[in-house]
Structure formats: structure tokens, C-alpha cells
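Chain letters run A, B, ... following the sequence lines, proteins first and then strands; every chain starts at 1. Basis for what follows: all heavy atoms, side chains included, without hydrogens, waters or symmetry-related copies.
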Protein chains: 4
Amino acid sequence: MSNAKGPDHSRRKERSRQAILSAARSLVAEQAYDKVTVEAIAARAGVGKQTIYRRWPSRSAVVFAAVLALSEGADGQSVALPDTGDLESDLKLVMRATAEEFADPSFDRLLRALNTEIANDAELAAEYREKLARPLDEAKKARLRSAQEAGQLDPDADLDLVLEVLYAPLFQRWLHRGGPLTPAYADALVDATLRAFGPARP
Amino acid sequence: MSNAKGPDHSRRKERSRQAILSAARSLVAEQAYDKVTVEAIAARAGVGKQTIYRRWPSRSAVVFAAVLALSEGADGQSVALPDTGDLESDLKLVMRATAEEFADPSFDRLLRALNTEIANDAELAAEYREKLARPLDEAKKARLRSAQEAGQLDPDADLDLVLEVLYAPLFQRWLHRGGPLTPAYADALVDATLRAFGPARP
Amino acid sequence: MSNAKGPDHSRRKERSRQAILSAARSLVAEQAYDKVTVEAIAARAGVGKQTIYRRWPSRSAVVFAAVLALSEGADGQSVALPDTGDLESDLKLVMRATAEEFADPSFDRLLRALNTEIANDAELAAEYREKLARPLDEAKKARLRSAQEAGQLDPDADLDLVLEVLYAPLFQRWLHRGGPLTPAYADALVDATLRAFGPARP
Amino acid sequence: MSNAKGPDHSRRKERSRQAILSAARSLVAEQAYDKVTVEAIAARAGVGKQTIYRRWPSRSAVVFAAVLALSEGADGQSVALPDTGDLESDLKLVMRATAEEFADPSFDRLLRALNTEIANDAELAAEYREKLARPLDEAKKARLRSAQEAGQLDPDADLDLVLEVLYAPLFQRWLHRGGPLTPAYADALVDATLRAFGPARP
DNA sequence: TTCTAATCGAGACGGTACGTCTTGTCTTGTT
DNA sequence: AACAAGACAAGACGTACCGTCTCGATTAGAA
């Protein structure tokens, strides 16, 4: 698994790194975000504060890295969307699952923490888009392209726009607690998106 | 409207209240949000900290009230959308204006602060929806209803959903700094929304 | 006791001040000096660290003030040396008592802490001489002057020098743990001093 | 000079040892003692911290060893006091020289550091007495014994006590910055000591 | 000469305390 | 009686060192 650098060298570093990220994740998932202090992370990880500050410049960065690490190791396969040939039902499946995910309190807290940091730090936002959002979006766009080829989607549609129309309403409703994220709501978003970008256009 | 206490009494209250909200607003507009401390607000307002804590339970609440106060005094008229009879051009006008607003750094900081507080405080979120979002949404829905009557919009469309499909992508792109908020982008959102909820449905 | 300023004003201030000094004193008396941290003092005093830093610039200053406070309130009377008319026996009494004091571990630790701070801080040393050493020295010199008048001491003797010759050997032996501080040793110092500065000089 | 280990082997050891002691000495002579950290010593010596901890248990011990090393290599001769046959003038010469030494800021800092460590560490104090103080005291006592034989000093005088009466006042005045260490002061101490322990006793 | 074992410099590590900052409460005059 | 001013207990901040541990890179002598 490890290469030239040697496994022994990185062991201690890696162990403390994992301990920190794991501690950060569990704290964020458990409690109000303003209780997630660097000291609390260090204490739970069994690590000195300096070991955190040596690697990351701020709590934001640690928390971000902790969330990021969750999706690392995931290969292209694992984020690929289902492709049964029926775009509508595939999208409804995914959207319902996404809506359900938001209902998990731990995931909710994790994601709110992430969004809080991202919203107030342009650099972190860029890293977020690059490392987290883009891979997921690319997987989704792959499915949409397949639909375009199958004639189920306007071949000229701007796929980034399609994704936004599909997901942003769900995201906003969750962020602002604007209403329940029901399966029916998920379906309605898919329906609206397909009406907007479907094939039958005059 | 004034009660037994007398006008002189409440006038002092009101003056300090305005000073606090105005100080909060200017601080939020000026600098990074984590520099906007209760102490900084009190100092700029020339007010004791207790005078702030006597009225609001936390910094979040003060900042929220400060933003809220911006839109107070606005009557139903002033938030009404234009209605030229042409839904598409009316919406494009509004969406382009909205996109432009986000470009103002002060407004940007103000709105990010607001969203940060809202995202992490369910009560504040409820107050936000009630006092800020709903009135604006109602004004927008009034315009949409007018369009439904004019046959420019599906009479069965869920107007809340329409608004989300229209606005959420813009909001999300701004929040995550996902791309430039150009007039063309504003137009594209209107077009997509009208395709999704326009009158011509099979 | 209290004057114009009003007793209510100083109550809280005074209470926390006393708590800090008392905590510092007990910690210094109890344990190795490098365990006497500002945090430990604050914790034992039930006080925030800032309350300490608001009044004193460093641990040294707090510890010094704590020791200083011990001898405050002592009026001129209480530090006066006995005067039976017999200088030799009066001095031996005092020197034996002094030697005995050094044997108390609490007093030993307290005095070592004080000397450590004084030796490394010229300002503190000046304050020490002014507020602690001088009043004591004046009391001792008063006794010596009485002896000069009684013809038991060279009327031309430099009393500061007399005091140094009398006390410095005891101090140095204690500081460097150079030997036991026995009554016989105390007596020998008095004898030597009286031989050096007694009346019978050719 | 070299032992079983072999000269080449110990040469590296010796070089780093000297670098550490020299770095410690120069740091102590230059700046406030609380800036003299093990890390600073290691950095200036160009040595890893472990190389220091491998040899000494604490900063105190290093600093002590650094000061100690200053007087090593000095044979019995070099610390011998002058003996012109005139005790008074010999002692005044030495006392004046000693007083002058204290005026050198580097020496002052060095000696304050040494005294700080000694005062708070009984083991170090013992080593100090054994390795530093005793050889010097023996040299002084040799001169005093010579004076006893010459009838210039009470043959029954306790020479340790004589040394204390002679030196402790100077030491104390220096440690507490109790006044200027003038030649006149040095002379006065010699005079007082000789009056106390001189030959003419009734 | 090549190998082996010790020692070194460098510096990361888990900790502790530093001195500063802010929180939300409490106290003290002022007006 | 409400206010500004700011002290207070609490506790997190980010930094500096502590004394320990780990890592290669020199280095000897030993093979």
C-alpha cells in the first residue's frame, strides 16, 4: 500500500491525523457547533493542540478536512448514479435518498458545520467545490449525458444548470428549514427539472 | 401606540436600540464576521453590553434583528414585483437585479452573516422565514398568481415550488461561490422555470 | 476604617484580591515553586485569570504581593525588637528566633520563592527593600541606637553595616544550605558583631 | 587523560558537550534567565535537545554545569589568595576585586542564574558547595590559617564563621541590590571582620 | 571495504501553562 | 430607574517549552 517513503515513517503522523479527523467528525456530529473547539478535538483525539495547529490553520480547516476525509477513498464507481435507462425513476431514487440523508441529525449537523465554514471562507469554498462538489457533480452529469444520448434530455441543456435546478431547491429548503423534505417533494423537483430540460421542446 | 410609560422614556430606549442595530449592521458590512463581537457592537454603539443583553439573548439575535430592521417600514407596495403583463420579462428584470445585489460586498457580508446564524439556529430560522422570507415570497407569489390568471403559468403549479426552482439555484451559486451571477444566468433560470411551470403542458 | 470612597465599592474587589493573595501564599507554602502557576492560583482563589492579570503583571508580582501582604497591617510596635537594656541577650533572643523561623518548611518555601523573584527582578527588589526590608531594618536600628546611647555599641558604627554583619551570614547559610542554623550559631554571630562594633575600641 | 573508550570516540561527545556548555553560558550572560530555555541552548549549540537530556536531567543542571566548567581546570595555585604577610591589606585587595567582579553585567547574570537554581534545588546546592564553594573557601581558609600562625588572627576563631562574616554581607548586598559595592564598603567589611576575629581579645 | 551499532541533528509528539480575548452576568456610579 | 462603563468567573484562543520519541545521516570500529 505504502510506497517509497516507507511505512514506518508515516505511521505516527498518520495515526494522529486520523485520530484528529475522527474526533472532529464525531464532535461535530454530536453537539452544537460552537462547542466544537480545537481543545475539545485535541482532547478527544488524545493529541496536543500543537499537533492540530501544525497541520491546519484554524478550526474551520480541521472540520473541513474531517468532512472531506469521509468521501476520500471513494472511487468513481461508488459515487456513480444508477442507470436503469429510465432517467426519471433513476433521479427520483437518488433525490429521495438525498432528502432522507438530510433527516439524520448527525449528518445534518455535519453538513451545517461544513456550510457555515464554506460560506465564510472563500478558500475553503474553493477547496470544497474542487474536492467534494465537483466529483459528485461529475458523477451526476455522467448520468445526465447518458440520458441526453438516450434522447431523454435536451442535448443542448447546460448540465450544471440542470443540476442546480434539480438540487438547489432541496438544499435551500434544508438549509433554511423551509419545509419537510418528503419523497413527494423530491419527485416534484425531478418532474419540474424534466419539464424544463426534457426532450420535447417546440 | 405609546403607553403609560410616556414618550420621553421610550425615546431613550429607542435611540439606544437604533444605535445598536446600526452599529451591528455597519460592523457586519465592514469586516469578517468573527470580528463582529458583542463588545465591538456595544463599543461602536456607545452602549453598555448589558443594554444589548437586556434586549437580545445572543449575538445571532442582534445581527438578525439588525438585518431585519433594514426591511422594516417597507409596506406591501414597496416589495411588490413589477407587473407589466409579461411574466418572463418581469421575472428577468427581478432576477437580474437580485443577482446584481449579491455583488455588493457589504450586502454579501450582511447576507452571509444572516445565513450563518439562520443555518445554526432553528428558532432564528423560523423568525427569518416568518418576518423576512414570507413577506417577500408573498409579493412574488402575488405576481405569479397574476400570471396564472393571465394564462402565462400553469394554474395548478405549486407556487412555493416555482419560487424555489427560480431562486434556489441563484442562492446556492452565491453561497458556495459556484460561479458568476451574470444576467445571462438570471435569464436562464427564468427560462427554465417557465418551461417547467409554463402553460403549455400536454 | 473606610473613608470617603465608600465601603461598598471596594468589597468585591477586596474580596477577590484577598482570595488571590491567600491562594498564592498557601500554594507557595505547600509545594515546589514551579508548580505555583497563575492558573493554579486563579483556580484555588476561585477567580478568573484575567482578574489576576488585571492587577499584577506577572506571577512574580503576585507572589511578591502575597508575601508583602503578610506583613501589612503590622504597626511599628509589632516589629519592634525587645529592649531589656542588655543588647547582647536581646540580639541573641532575636537571632535564635530568626534561625528557628527558617526551619519551618512553609516559611522556607515562601522565602525561597520571594528571594528567587527578587534576585531576578530589579524593580521587585526595590519594592522589597522599601516595603519589607526597610521597616524591619529600621526597627532593628532603633534597638541598636538605643544601645549606642546606653554605651553598648560604638556610637560611630554604621548601623546598616552592623545589621549586615549580623544577619547576612545567617541568610547566606540558609540560602545555600551551608550548615545547620543552631542557637549556638546565632549566638556566635551576635558575639562576633559585638566584638566588631562594641564600645571598647582602642 | 583519555580513558578506555578511546580518544576518537569521546572526541565527538566532548565537542558537543563543550558546545552545549558554551551556548548555555553565553545565553545566560546575555539575556534574562527565563529566556534561557533548553531549546534555545540546543539551537545555539547546534545540537539536538536529546543530546542535552542524555547528559543532564534539567535546565538547572546544564546551567550549573556550564558555570562549574568555568572554574574547572583551575588548579589549587590559581585560586590561592595573595599572602604578603599583611592580612588586612591582602583581604582588602581580594574583597575589592570581588566587589568589582559583581559589577560586570555578564557575571552578574551568570551568578544570579546560579543562585536561583541553587536556592531551589537542594541537590544542586550540595554540588555547588562541594565543587565550587569549598575549593574557594579552602583557599581562603589557608590564608587565614597562615594569619593565625602569624598572630594576626585569633587562633581559636572558627574560620568558616570568619569567612561568612567577611563575605556574606557583600553577597547579600549584591543579591538584594541593597547598595553600591564600593571599595570603601569592601574595606569596611575587612575592618569589621578583623575587629571581630583579630588577635587582641581580652 | 563493507557492515553494524551507536550517536547525532532535527524536529514531531502529548502535555502544561502562558497571557489575551470574549462571553454573559454583576456592580458601581451617573444622569 | 435605566444607563455606560467595565469588573468579574469561565474558558477557548494560538504560542512557547517541556521532556519523550522517531527519524534518517553520519560515524566509528569490527568483520
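A heavy-atom distance below 4.0 Å to DNA chain F is reached by none of the residues of residues 110-124 of chain C. Residues from residues 17-28 of chain C with heavy atoms under 4.0 angstrom of DNA chain F: there are none. Within residues 35-60 of chain D, the residues approached by DNA chain F to less than 4.0 Å at the level of any non-hydrogen atom are D:T37, D:V38, D:E39, D:K49, D:Q50, D:Y53, in residue-number order.
At a threshold of 4.5 Å between non-hydrogen side-chain atoms, the residues B:V47 and B:I52 count as touching. Contact of the D:V28 side chain with the D:V67 side chain is not registered, since no non-hydrogen atoms from C-beta on lie closer than 4.5 Å.
Distance alone, capped at 3.5 Å, places no donor-acceptor pair between the B:R54 side chain and the B:K49 backbone. Using a distance-only test at 3.5 Å, with no hydrogens or angles considered, no donor-acceptor pair links the side chain of A:R25 to the main chain of A:I20. Formation of a donor-acceptor pair under 3.5 Å by the B:R112 side chain with backbone atoms of A:N120 is not found in this model.
By the neighbour-count criterion of 12 heavy atoms within 6.0 Å, atom CD of A:Q18 is densely surrounded, having more than that number from other residues, nucleotides or ligands. More than 12 heavy atoms of other residues, nucleotides or ligands sit less than 6.0 Å from atom CD of B:Q31.
Taking the charged nitrogens against the carboxylate oxygens, A:R59 and A:E117 do have a contact shorter than 4.0 Å, which makes a salt bridge.
A:K13 places its NZ atom 11 Å from the P atom of F:dC23, with the value rounded to the nearest Å.
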